[in-house]
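In what follows, a structure is listed as structure tokens, so that the remarks can point back to it.
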Amino acid sequence: MATDAQMQQVAELEVEMMSDMYRRMTNACQAKCIATAFKESELTKGEAVCLDRCVAKYLDVHEKLGKRLTNMSQGDEAALQKIAQQ
Amino acid sequence: MATDAQMQQVAELEVEMMSDMYRRMTNACQAKCIATAFKESELTKGEAVCLDRCVAKYLDVHEKLGKRLTNMSQGDEAALQKIAQQ
Amino acid sequence: MATDAQMQQVAELEVEMMSDMYRRMTNACQAKCIATAFKESELTKGEAVCLDRCVAKYLDVHEKLGKRLTNMSQGDEAALQKIAQQ
Amino acid sequence: MASEQNIQTFRDFLTQYNLVAEQCFTSCVNEFGSRTVNAKEESCANNCLDKFLKMTQRVSQRFQEHQLLNAQANGAAM
Amino acid sequence: MASEQNIQTFRDFLTQYNLVAEQCFTSCVNEFGSRTVNAKEESCANNCLDKFLKMTQRVSQRFQEHQLLNAQANGAAM
Amino acid sequence: MASEQNIQTFRDFLTQYNLVAEQCFTSCVNEFGSRTVNAKEESCANNCLDKFLKMTQRVSQRFQEHQLLNAQANGAAM
């Protein structure tokens with residue numbers, strides 16, 4: 001069985017990876033949606049709507065590829081379970 | 001009051017962040033000033049002057065935005081002071 | 001003489017730097033060789049051959065510049081030896 | 001107390017500051033005929049900072065809503 | 001045992017996952033008229049993931065061959 | 001003694017080496033008809049390395065001058 005210390009390591013890793021994903025998503029959606037001329041300080045209506053949709057689509061793609069990757073990489077999934085079970 | 005260990009943590013963070021800023025500045029000024037054909041091994045006069053001005057302007061923008069950000073984000077500034085005072 | 005702990009630190013640094021180089025090489029060769037339209041899931045013959053040559057050329061450039069850098073930067077080399085000898 | 005948590009929050013704040021300054025410099029400063037930032041560049045950089053903060057706030061809200069919906073769908077109070 | 005080694009392997013796996021998802025999103029999703037991923041975008045993202053895995057595998061093979069040749073040239077069983 | 005300081009200096013040196021090699025490869029090698037680096041590519045990469053070192057040295061000098069002026073303006077020997 002996993003000790004408390006091991007469970008906490010896995011939990012910390014999940015937070016770290018969520019935060020890495022969030023940083024990448026923000027960068028990607030900024031690049032897709034925000035004009036770089038900066039003529040005004042407000043988000044335009046178009047930019048705001050684009051950001052909303054970009055976040056939704058990013059999370060969808062991230063999740064879909066995660067499922068695909070988990071199905072494929074049995075080895076890595078086994079490694080994952082190995083960690084989780086101890 | 002801040003203990004010595006706490007003061008040192010904040011000091012180390014300042015060095016780390018200065019070094020992060022320096023790395024970003026070098027990248028930015030390289031992209032702005034250095035031609036990528038690399039026909040000669042010397043900095044041209046134009047590249048050298050561009051680098052000097054780029055460093056001056058980068059530090060100026062960095063500082064101006066820092067002041068603006070500090071004025072805006074009272075919450076974060078409070079957090080900063082909270083750390084610094086203990 | 002270098003203690004075991006110091007030898008291990010240097011060995012860990014070498015692994016870390018090899019892994020950093022490998023990551024950069026993969027990124028560079030992906031950018032040079034892989035089309036971003038993703039119309040098929042297989043590597044094309046052209047992409048595969050390009051990757052093979054890209055890896056060979058990347059490692060060659062990396063090594064050549066390493067030699068040049070070592071010859072130039074006597075100070076840094078001295079620092080290296082200082083570490084290695086203790 | 002300058003806890004690990006506070007230090008990490010402060011580090012995140014400073015990293016964001018360095019990031020936005022780099023981005024706004026790169027987007028707004030393209031003229032190196034002098035060593036002083038001109039009025040147009042400064043206005044651009046200020047707008048860039050303001051917009052960056054509004055962007056990160058909006059992205060954060062949408063992300064939190066998504067997390068909340070996910071947690072509800074899983075029947076958990078995560 | 002959830003050794004340091006296992007944790008690091010898992011971290012590397014998740015970092016690669018985050019990286020490929022970012023790259024495939026950036027390459028494949030360019031239309032923000034709706035909030036749902038369309039069939040063309042999904043097909044592109046799937047191909048992108050498959051190709052990424054084949055690319056990393058090929059690069060890894062070539063790198064290992066190079067390391068092996070180097071080790072032999074040095075007369076060592078490195 | 002292989003102090004923390006020495007290890008960090010060595011790490012910084014190697015990271016810069018990896019960075020400049022990546023940049024010079026990306027700028028200089030664009031032809032993959034063969035697996036050997038040609039004379040033009042090698043000359044470009046050598047120039048790229050030399051120029052990189054001169055650039056970082058110049059940027060470093062300007063930054064130190066700025067820090068010094070700041071310290072003097074604050075009346076401190078920082």
Side-chain angles (χ1 to χ4, degrees), chain C residues 2 4-5 7-70 80-81 84, chain E residues 3-31 37-74 76-78:
Chain C
D4 286 357
M7 301 267 293
Q8 198 190 333
Q9 270 190 315
V10 173
E12 279 172 11
L13 184 56
E14 272 168 18
V15 171
E16 182 188 330
M17 285 303 142
M18 176 76 91
S19 151
D20 179 61
M21 185 278 284
Y22 183 79
R23 186 184 56 75
R24 292 174 188 274
M25 179 179 72
T26 305
N27 285 346
C29 290
Q30 181 180 15
K32 296 283 185 193
C33 297
I34 309 293
T36 56
F38 298 112
K39 289 181 183 166
E40 72 288 299
S41 64
E42 295 298 316
L43 289 177
T44 65
K45 179 87 178 114
E47 287 172 332
V49 171
C50 180
L51 286 177
D52 294 351
R53 291 171 178 166
C54 184
V55 168
K57 292 183 99 164
Y58 192 98
L59 294 171
D60 194 9
V61 167
H62 191 264
E63 205 171 306
K64 279 189 167 76
L65 295 188
K67 280 182 189 154
R68 200 175 166 85
L69 205 48
T70 305
L80 191 162
Q81 289 176 347
Chain E
S3 65
E4 283 303 315
Q5 188 57 49
N6 280 347
I7 290 279
Q8 189 54 44
T9 302
F10 192 30
R11 172 180 283 114
D12 291 346
F13 170 72
L14 292 177
T15 304
Q16 285 292 93
Y17 165 35
N18 281 351
L19 171 67
V20 72
E22 181 192 19
Q23 287 185 356
C24 295
F25 175 84
T26 297
S27 294
C28 295
V29 181
N30 287 299
E31 178 276 314
V37 175
N38 63 42
K40 196 180 156 198
E41 290 168 339
E42 185 168 348
S43 157
C44 177
N46 286 340
N47 287 337
C48 175
L49 174 61
D50 292 355
K51 208 177 253 206
F52 179 89
L53 296 174
K54 283 159 193 164
M55 175 198 71
T56 52
Q57 198 182 3
R58 191 163 189 113
V59 167
S60 168
Q61 283 170 352
R62 290 299 94 80
F63 182 65
Q64 284 172 28
E65 288 165 13
H66 176 269
Q67 294 294 90
L68 194 61
L69 284 174
N70 259 9
Q72 288 172 342
N74 293 332
M78 209 161 71

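Reminder, nothing fancy here: chain letters follow the sequence lines and each chain counts from 1.
- Proximity to chain E (any heavy atom under 4.5 Å) is shown, for C:A56, by neither the backbone nor the side chain.
- Salt bridge C:K57/C:D60: absent, no basic N to carboxylate O contact under 4.0 Å.
- At a heavy-atom separation below 4.5 angstrom, chain C is approached by E:C44, E:N47, E:C48 within residues 39-48 of chain E.
- Across C:L51, C:L43, C:V55, the residue that shares the most heavy-atom pairs under 4.5 angstrom with chain E is C:L43.
- Of the atoms belonging to E:C24, not a single heavy atom falls under 4.5 Å from chain C.
- At a heavy-atom separation below 4.5 angstrom, chain C is approached by E:K54, E:M55, E:T56, E:R58, E:V59, E:S60, E:R62, E:F63 within residues 53-65 of chain E.
- Atom CD of E:Q16 and atom CZ of C:R23 lie 10.0 Å apart (nearest 0.5 Å).
- Separating the CG atom in E:D12 from the CD1 atom in E:I7 is a distance of 11.5 Å, to the nearest 0.5 Å.
- Cysteines C:C50 and C:C29 are not disulfide-linked, with SG atoms at least 2.5 angstrom from each other.
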*How far apart are the C-alpha atoms of E:H66 and E:L69, what are their side-chain angles, what is the distance that settles it, and do they pass the side chain to side chain contact (heavy atoms under 4.5 Å, CB included) test?*
CA-CA 5 Å; E:H66 176 269; E:L69 284 174; 5.8 Å; no
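- Looking only at heavy-atom pairs under 4.5 Å with chain E, the residue among C:T26, C:D52, C:I34 that has the most is C:D52.
- For the ring-ring contact (aromatic ring centres under 6.0 Å, His included) condition, no pair includes a residue of residues 23-51 of chain C, sequence neighbours left out.
- For E:E22, the side chain to side chain donor-acceptor pair (under 3.5 Å) test picks out A:R24, with sequence neighbours left out.
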*Should C:Q8 and C:E12 be marked as a side chain to side chain contact (heavy atoms under 4.5 Å, CB included) after you check the CA-CA gap, both sets of side-chain angles, and the distance that decides it?*
CA-CA 6 Å; C:Q8 198 190 333; C:E12 279 172 11; 3.0 Å; yes
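- Residue contact with chain E, scored on non-hydrogen atoms closer than 4.5 Å, is absent for C:Y58.
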